[in-house]
Amino acid sequence: SIGYMLKSVAANKTYVFEFYLKGNANNAGDPLTVNLNESSAAWAASGTSELKLTNVNAADWTKYSYEFTTTTAKWLPLRIGVGGYAGADCYLDNIKIYEKDGDGTNLLPNSTFAVPATTLDGWTDTQYKNRGETYSYVELSTDGYSNPGSVHFYRDYSQNLGGDASSIG
């Protein structure tokens with residue numbers, strides 16, 4: 001998974017989470033999820049702090065958009081990832097979060113993962129591929145929506161069927 005700490009969200013505001021995806025966010029088991037890891041915000045689609053990208057897949061780069069509303073002004077951790085009994089193989093690019101009725105300013109830096117990026121630059125990560133993971137990882141890719149560069153999420157669902165799920169992140 002990757003994460004970013006949003007530091008400038010206001011109370012009682014609606015924000016838009018927008019991204020481009022290519023691949024399958026849910027090819028088996030649980031889908032790729034987007035978590036607002038605090039109870040101070042809820043996704044319009046789910047009514048909770050967790051958004052499951054069920055049935056989100058595209059052969060070519062496709063734009064997706066979801067809204068969430070905050071209840072208090074404070075830092076808000078954002079986490080995007082696959083975990084548990086999940087299967088996914090997809091790329092995300094041009095990730096944006098902006099106030100719905102605002103000026104469109106993106107609250108996320110380095111949201112295009114532009115090449116020649118070699119780190120997630122400001123984003124935190126778990127299971128980054130260079131740590132030796134083979135069945136569940138996040139990696140930077142040269143494939144991209146409008147410019148080279150994106151983040152690739154991969155999780156082999158078949159590894160859930162007899163492996164130790166306690167280490168899945």
Side-chain angles (χ1 to χ4, degrees), residues 1-58 62-102 106-111 113 120 122-129 133 135-139 150-161 163-169:
S1 65
I2 62 171
Y4 191 82
M5 181 65 75
L6 296 167
K7 298 177 182 172
S8 55
V9 294
N12 303 312
K13 297 282 184 177
T14 298
Y15 291 88
V16 177
F17 173 70
E18 178 182 288
F19 60 94
Y20 285 82
L21 178 137
K22 181 170 86 169
N24 195 334
N26 185 206
N27 58 25
D30 297 325
L32 185 74
T33 59
V34 184
N35 287 290
L36 303 168
N37 291 338
E38 296 287 330
S39 60
S40 61
W43 293 101
S46 68
T48 70
S49 61
E50 180 179 71
L51 174 67
K52 294 183 177 188
L53 300 181
T54 305
N55 299 320
V56 174
N57 62 74
T62 303
K63 183 178 177 180
Y64 294 90
S65 180
Y66 299 90
E67 295 180 2
F68 66 89
T69 302
T70 58
T71 55
T72 58
K74 64 184 210 176
W75 290 14
L76 184 62
L78 169 75
R79 188 182 73 78
I80 306 168
V82 289
Y85 290 96
D89 188 2
C90 62
Y91 299 80
L92 268 65
D93 199 8
N94 290 32
I95 301 170
K96 298 178 183 177
I97 292 182
Y98 55 89
E99 189 178 327
K100 183 176 180 181
D101 296 323
N106 188 5
L107 302 179
L108 298 171
N110 188 33
S111 60
F113 307 100
L120 291 169
W123 294 76
T124 59
D125 70 274
T126 61
Q127 294 183 316
Y128 196 65
K129 189 173 184 179
E133 295 286 350
Y135 70 89
S136 180
Y137 57 81
V138 175
E139 68 179 340
S150 64
V151 63
H152 178 209
F153 292 87
Y154 177 78
R155 173 119 180 107
D156 181 355
Y157 179 74
S158 69
Q159 294 296 314
N160 296 318
L161 306 176
D164 177 11
S166 66
S167 64
I168 299 169

For the atom pair [atom1] ([X]) and [atom2] ([Y]), what is the distance rounded to the nearest 0.5 Å?
X     : Y     : atom1 : atom2 : result
Thr62 : Leu21 : OG1   : CG    : 7.5 Å
Leu32 : Asp30 : CG    : CG    : 11.0 Å
Leu78 : Ile2  : CG    : CD1   : 8.0 Å
Leu92 : Tyr64 : CG    : OH    : 10.0 Å
Thr54 : Asn26 : OG1   : CG    : 5.0 Å
Tyr4  : Leu76 : OH    : CG    : 12.0 Å

Does Ser46 use its side chain to pair, donor to acceptor, with the backbone of Leu51 at less than 3.5 Å?
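No.
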
Looking at Lys52, is its backbone amide N or carbonyl O close enough to the side chain of Thr33 to form a donor-acceptor pair, meaning the two atoms are under 3.5 Å apart?
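Side chain of Thr33 to backbone of Lys52, a donor-acceptor pair under 3.5 Å: no, none is there.
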
So do Val9 and Glu99 actually touch side chain to side chain, heavy atoms under 4.5 Å?
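No - every pair of side-chain heavy atoms lies 4.5 Å or more apart.
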
Taking the side chain as C-beta and beyond, is there a heavy-atom pair between Thr48 and Leu36 under 4.5 Å?
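They are not in side-chain contact.
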
Would you call the rings of Phe68 and Trp43 parallel, tilted or perpendicular if under 30° counts as parallel and over 60° as perpendicular?
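Plane angle over 60°, so perpendicular.
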
With sequence neighbours excluded, what pairs up with Ser111 under the side chain to side chain donor-acceptor pair (under 3.5 Å) test?
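Side chain to side chain donor-acceptor pair (under 3.5 Å) check on Ser111 returns Asn106.
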
Between [X] and [Y], what is the shortest heavy-atom contact and its length?
X     : Y      : value
Ser1  : Gly81  : CB-CA, 3.6 Å
Tyr91 : Ser150 : CD2-OG, 3.5 Å
Ala25 : Ala88  : O-CB, 3.8 Å
Glu18 : Tyr98  : OE1-OH, 3.0 Å

Any salt bridge (charged side-chain N to carboxylate O under 4.0 Å, His left out) involving residues 67-77? Give me the pairs, sequence neighbours left out, ordered by first then second residue.
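Sorted result for residues 67-77: Glu38-Lys74, Glu67-Lys100.
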
Does a donor on one side chain and an acceptor on the other come within less than 3.5 Å for Thr71 and Ser40?
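There is no such pair between these side chains.
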
Please identify each residue that fulfils side chain to side chain contact (heavy atoms under 4.5 Å, CB included) with Ala73, with sequence neighbours left out.
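By the side chain to side chain contact (heavy atoms under 4.5 Å, CB included) rule, Ala73 matches Ala11.
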
Phe19 and side chain to side chain contact (heavy atoms under 4.5 Å, CB included): which partner among Leu53, Val34, Val151, Ile80?
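So, applying the side chain to side chain contact (heavy atoms under 4.5 Å, CB included) to Phe19 and each of Leu53, Val34, Val151, Ile80, only Leu53 qualifies.
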
